[in-house]
Amino acid sequence: MTLTGKMLIGQQAVAGSGTAIHAIDPSTGQMLEPAYLGGTSDHVARACALAQAALDPYRNLALVTRALLLETIASEIEAVGDTLIDRAVAETGLPRARLLGERGRTCQQLRTFARVVRAGEWLDVRIDPAQPARTPLPRADLRQQQVALGPVAVFGASNFPLAFSVAGGDSASALAAGCPVVVKAHSAHPGTSELVAQAVARAVKQCGLPEGVFSLLYGTGHEVGIALVTDPRIKAVGFTGSRSGGMALMAAAQGRAEPIPVYAEMSAINPVLLFPAALHARAGTLAQGFVASLTLGAGQFCTNPGLVIAQQGADLDQFLGAVGQYLKDSPAQTMLTPGIFQAYRAGIATLSAHPQAQQVAVGTAATGPHQGQAQVFLVTARDFLADPALHAEIFGAAAVVVQCADDGERLAVIERLEGQLTLTLHLDDADLAAARALLPSLERKAGRLLVNGWPTGVEVCDAMVHGGPFPATSDARTTSVGTAAILRFLRPVCYQDFPPGLLPDALAQDNPLGLRRLIDGQREA
Ligand code: NAP
């Protein structure tokens, strides 16, 4: 399995002719070979034309065949073995153990979606049989199922080179829905992207599927990304990255002759509320858990806890003292890219220069290139409420602690928050009434509410919501992690008075797929 530096348009390895992209090992600053030449609008058009040609054959496959593709992709990724992990370590600076775990999660995601595809619940079949004798008007025979939206553009994320990149959650859920996928690789890990793309292309071939089911493009400077989002054959977009990037893609999608949905996961500071009784009972333990979550993966998780909200007083002082103790032994960690490291440093510089922000804890100083040093700052609720600059996400191991004078200030701080992926509550029995009073506000602000845990670590399962109101995501009605992510890439079609010979299998009277259908308002057992 060698790296070619080429894109994969269907089954063809194609050399680009745009700007050269080189991965950089962030732990050394060294450039990695080979160079990946970016694609052009012609390459985008070829990939999209193939995806369009693959759409109907692919979405009409037997569900078992579609599920088999997802399982084969997982097996092919595993078969790449250490070559994939070695390259991902070199391109991201992430520890090997983390990348082994991420590969496991990626393959588990694919296999979970295979299970979902086979079960067919997502077809959400609804049948309202004809009522020819109904008065004053007869009712037609009406049958609804979900169908694939069309070819989907996926933008690989820098912070999950496997689990949210070429064959990550967005691609897996789109393929599960029956949508061909065109991925724009993240320029930070082009080699990792190529190795995974080769695995996907092998799986497509082994399953005998049309080559346009999957393509991989490279590009930097926005040209390829914008061309992809504005190609009329693309019908939806999956994105994880910066707020400015997500907003630019949303604007491009809305500016099309036919606007399309962009499912962008952008920016969150994942507030953690420390309620008084819990803080009094275990300030030290909370500090330990907070520092572990804050510094996990150099803080480069979208669920990183970047804001703590608590009542001022001796218990908060004890918590901050313990945070200082734990953090001072926390080593600076290599960040994913020179650009992300610079953005982190700029965010820290802004907070450090802020007249109302006081640095209260700092990690070990950097000993190598692109290492982020963890930092925690303290502000009053009044200053936080007065200055939105204190609410900004600093992507990395940085957090702001907001000290509130009373419950009223705490509520005001919560109400002022932008939409979040998560909100965490640390509480004891004596805090339950206060937490219950806040719940309506909390539900309006975040996609996942946690009690006595930490937001980093996102389970891939049926009940997970990794989404939330803007700017956490561009569409609060959805999730990008978990099996419900498939719903983003589906739309309902109703078939009225179709003769049996013309009905899709899922809607046939004798239920050949064995689905639990909603018939005349009653769910089948
Ligand atoms: P990014 O700059 O948003 O880039 C992600 C992808 O979007 C790249 O493929 C990029 O392509 C494309 N893109 C960005 N801006 C675009 C535009 N205006 N038009 C068209 N395409 C555009 O994200 P990043 O490189 O991963 O990291 C930059 C910052 O994003 C980080 O410092 C961090 O603040 C934030 N981030 C947040 C999360 C999170 O989960 N919340 C995750 C990762 C990053 P091009 O290379 O062509 O520009």
Side-chain angles (χ1 to χ4, degrees), residues 1-4 6-14 39 43-81 83-84 103 106-118 148-156 162-185 190-218 228 231 233-236 238 486 489:
M1 266 157 261
T2 49
L3 295 174
T4 67
K6 293 180 179 167
M7 297 178 282
L8 259 178
I9 300 184
Q11 293 289 329
Q12 302 298 311
V14 178
H43 295 119
V44 173
R46 275 165 65 186
C48 294
L50 282 179
Q52 178 63 34
L55 174 62
D56 285 340
Y58 179 60
R59 70 183 181 86
N60 286 320
L61 284 176
L63 297 186
V64 288
T65 312
R66 204 190 294 173
L68 186 64
L69 171 67
L70 295 166
E71 289 162 349
T72 310
I73 294 172
S75 302
E76 285 294 329
I77 290 172
E78 285 164 349
V80 183
T83 307
L84 178 62
R103 181 179 64 186
T106 307
C107 295
Q108 185 227 326
Q109 260 172 185
L110 288 157
R111 293 186 172 114
T112 300
F113 276 111
R115 178 210 8 115
V116 168
V117 169
R118 274 202 186 87
L149 211 46
V152 171
V154 170
F155 285 72
L162 298 171
F164 258 79
S165 202
V166 174
D170 284 337
S171 297
S173 52
L175 289 170
C179 300
V181 167
V182 181
V183 175
K184 180 194 171 297
T192 307
S193 298
E194 187 187 357
L195 289 169
V196 175
Q198 289 172 349
V200 179
R202 281 194 299 275
V204 169
K205 193 170 182 184
Q206 271 177 46
C207 294
L209 303 184
E211 60 173 335
V213 165
F214 174 83
S215 290
L216 175 76
L217 301 170
Y218 292 97
L228 187 54
D231 188 288
R233 289 158 289 210
I234 293 295
K235 298 299 180 205
I486 191 175
F489 303 119

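It should be emphasised that the depicted structure is a prediction, and the values quoted were computed from it without experimental measurement.
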What are the two closest non-hydrogen atoms of [X] and [Y], and how far apart are they?
X    : Y    : value
R233 : A49  : NH1-CB, 3.5 Å
A199 : V80  : CB-CG2, 4.3 Å
A174 : V181 : CB-CG2, 3.7 Å
A148 : G178 : CB-O, 3.4 Å
F164 : G169 : CZ-CA, 3.7 Å
V117 : A67  : CG1-N, 4.1 Å

For side-chain contact (heavy atoms from CB on, under 4.5 Å), just list the numbers for V213 and L69, CA-CA rounded to whole Å, side-chain angles, deciding distance to a tenth of an Å, and then say yes or no.
CA-CA 10 Å; V213 165; L69 171 67; 4.1 Å; yes
Against V166, only a single residue in V183, L8, I77, T106 fulfils side-chain contact (heavy atoms from CB on, under 4.5 Å); can you say which?
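Result for side-chain contact (heavy atoms from CB on, under 4.5 Å) with V166: V183.
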Set of residues satisfying salt bridge (Lys or Arg N to Asp or Glu O under 4.0 Å) with respect to R46, sequence neighbours excluded:
none
Quick one: salt bridge (Lys or Arg N to Asp or Glu O under 4.0 Å) partners of K6, sequence neighbours excluded?
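Salt bridge (Lys or Arg N to Asp or Glu O under 4.0 Å) list for K6, sorted by chain: empty.
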If you measure from [atom1] on [X] to [atom2] on [Y], what distance do you get to the nearest 0.5 Å?
X    : Y    : atom1 : atom2 : value
Y218 : E194 : OH    : CD    : 5.0 Å
L84  : L162 : CG    : CG    : 5.0 Å
F113 : Q108 : CZ    : CD    : 10.5 Å
L55  : L50  : CG    : CG    : 12.5 Å
T4   : L195 : OG1   : CG    : 9.5 Å
C48  : I234 : SG    : CD1   : 4.0 Å

The test is side-chain contact (heavy atoms from CB on, under 4.5 Å); show your working for L175 and I73 and say whether it passes.
CA-CA 11 Å; L175 289 170; I73 294 172; 3.9 Å; yes
Name all pairs fulfilling the side chain to side chain donor-acceptor pair (under 3.5 Å) condition that reach into residues 59-69, sequence neighbours left out, sorted by first residue then second.
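Residue pairs with at least one partner in residues 59-69: D56-R59.
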Summary of side chain to side chain donor-acceptor pair (under 3.5 Å) pairs that have at least one residue in residues 163-176, sequence neighbours excluded
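Matches after skipping sequence neighbours: S165-H189, D170-R488, S173-R488.
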Under the side-chain hydrogen bond (donor to acceptor under 3.5 Å, both in side chains) test, which residues partner Q52, sequence neighbours left out?
none
Please tabulate, for the side chains in residues 200-211, all donor-acceptor contacts under 3.5 angstrom to protein atoms that are two or more places apart in sequence or on a different chain.
from: R202; atom 1: NE; to: E76; atom 2: OE1; distance (Å): 2.8
from: Q206; atom 1: NE2; to: E76; atom 2: OE2; distance (Å): 2.6
from: E211; atom 1: OE1; to: Q11; atom 2: N; distance (Å): 2.8

Test side-chain contact (heavy atoms from CB on, under 4.5 Å) on L217 and I9; report intermediate values, then the result.
CA-CA 7 Å; L217 301 170; I9 300 184; 4.1 Å; yes
Around atom CD of Q12, are there more than 12 heavy atoms from other residues, nucleotides or ligands closer than 6.0 Å?
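Counting other residues, nucleotides and ligands, CD of Q12 stays at 12 neighbours or fewer.
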